[in-house]
**Q** 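The structure under discussion is supplied below as structure tokens; questions concerning it will follow.
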Amino acid sequence: MAVRTSYIRSVGRYLPERRLTNSDLEKMVDTNDEWILSRTGIRERRILEPGLGNSYMAVRAARDCLERAGVEGGEVDAIIVGTVTPDMLFPATACLVQKGIGARHAWGFDLSAGCSGFLFSLTTGAQMVESGRYRKVLVIGSDVMSSIVDYTDRNTCVLFGDAAAAVLLEECPEEGYGILDFIQRVDGSGEDSLYMKAGGSRRPASMETVQNREHFVYQEGKQVFKNAVTEMAAVSAGILENNGLTGKDVSLFIPHQANLRIIAACANRMGIDENKVVINIEKYANTTAATIPLCLYDAHVEQGRVKHGDYLVMAAFGAGFTWGSALVRWFDPEA
Ligand code: UT7
């Protein structure tokens, strides 16, 4: 019996216009361009106008994605939004996207997995298509990190940016193509290495939590770095081993964009050349759930680097801890 897979039919994105450069940050906290660039690879990031919210970006990325495929909102069966910065704790941002794109037959939900949010959403959406029950699943990675970043804390404020990007999944017409495999893990022992201390049910908002600046991203950078290097590199190499492939077979490696040094360690473990690694951290910084589809957009839509039959590996690591990798063999219906 043929194995049903799903494929990425189109990619879209939304980038806020406002740029926050390293030199802008030099005026806000005790930092400098040299430190930021050498430690992370970031030059600038995009910042959404306050008050617009996640769905503003997610809807625009979704519309861009659907337009490129010539698909109407009414044809979408399900919407998954990977995010840690929803418009509100409830309702889910997926509901607001449903309204914004006129997806009148869809259901949907938000998926919270930190920087692995897009990867986990992608593989969840892929399995929904593979089940045979859904034909068109929209998967969005969208985060307004500026809404939870403390711009008085130099340890974190230089690292993050805002963006949204979306992919449309459909059943792959040809066997052996599409989203072929994935490895995904969580480890809750990382819960206090990267988190927001207050605002949830354990520590609801109060005068005290606001005064203590507990509604912002808190990160033990070194701890996260060590785990990311080890685990993300292991699953990046592992997905190749599991599928009898080597770095030479891979056309593009699309990693989460948190730190150039983490990305280099993964590429090294996979044995792939630098020129096959998609990197845009210098332009957009760490946009949490949006990094991987933003990179895919750059490589596919802007640079035309993705060809029918290419093997792509995606990998992420984030709060939780959460991490994983996915193997995609690109299907181009025009080829
Ligand atoms: O996407 C989700 C997952 N997140 C990640 O994967 C991030 C993983 N972590 C990292 O990428 C790195 O740990 C960071 C980029 C966050 C930090 O780099 P690091 O090499 O681990 O630096 P550090 O935190 O150990 O700080 C080194 C020094 C410290 O000064 P002292 O104690 O050595 O005097 C910091 O206070 O750099 C200082 N520092 C800064 N200096 C200038 C920290 N932030 C800044 C800054 N500008 N913005």
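The figures here come from the full heavy-atom set of this structure, side chains too, leaving out hydrogens, waters and symmetry mates. In listed order, ligands and their atoms are each counted from 1.
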**Q** Which residues satisfy the salt bridge (charged side-chain N to carboxylate O under 4.0 Å, His left out) test with Glu34, sequence neighbours excluded?
**A**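 With neighbours one apart ignored, the set is empty.
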
**Q** Tell me, please, whether Phe253 has Lys276 positioned over its six-membered ring: NZ or CZ under 6.0 Å from the ring centre and within 45 degrees of its axis?
**A**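 No cation-pi geometry.
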
**Q** Out of Asp187, Thr230, Ile183, which residue meets the side-chain contact (heavy atoms from CB on, under 4.5 Å) rule with Trp323?
**A**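 Exactly one candidate clears the test, Asp187.
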
**Q** What does the list of residues with a heavy atom under 4.0 Å from ligand 1 look like, ordered by chain and number?
**A**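 Contacts of ligand 1 under 4.0 Å: Asp30, Thr31, Trp35, Arg39, Thr40, Cys115, Arg154, Asn155, Val158, Leu159, Leu194, Gln219, Gly221, Lys222, Val224, Phe225, His256, Ala258, Asn259, Arg261, Ile262, Asn286, Phe317.
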
**Q** Taking the ring centre of each residue, are Trp330 and His300 less than 6.0 Å apart?
**A**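 Ring-ring flag for Trp330/His300: true, centres closer than 6.0 Å.
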
**Q** Taking only residues two or more places apart in sequence, or in another chain, which ones meet Val59 in a side-chain contact (heavy atoms from CB on, under 4.5 Å)?
**A**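 Arg63, Val97, Ile101.
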
**Q** Kindly write out the residues that satisfy salt bridge (charged side-chain N to carboxylate O under 4.0 Å, His left out) with Asp77, not counting sequence neighbours, or none if the list is empty.
**A**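 In terms of salt bridge (charged side-chain N to carboxylate O under 4.0 Å, His left out), with neighbours along the sequence ignored, Asp77 is linked to no residue.
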
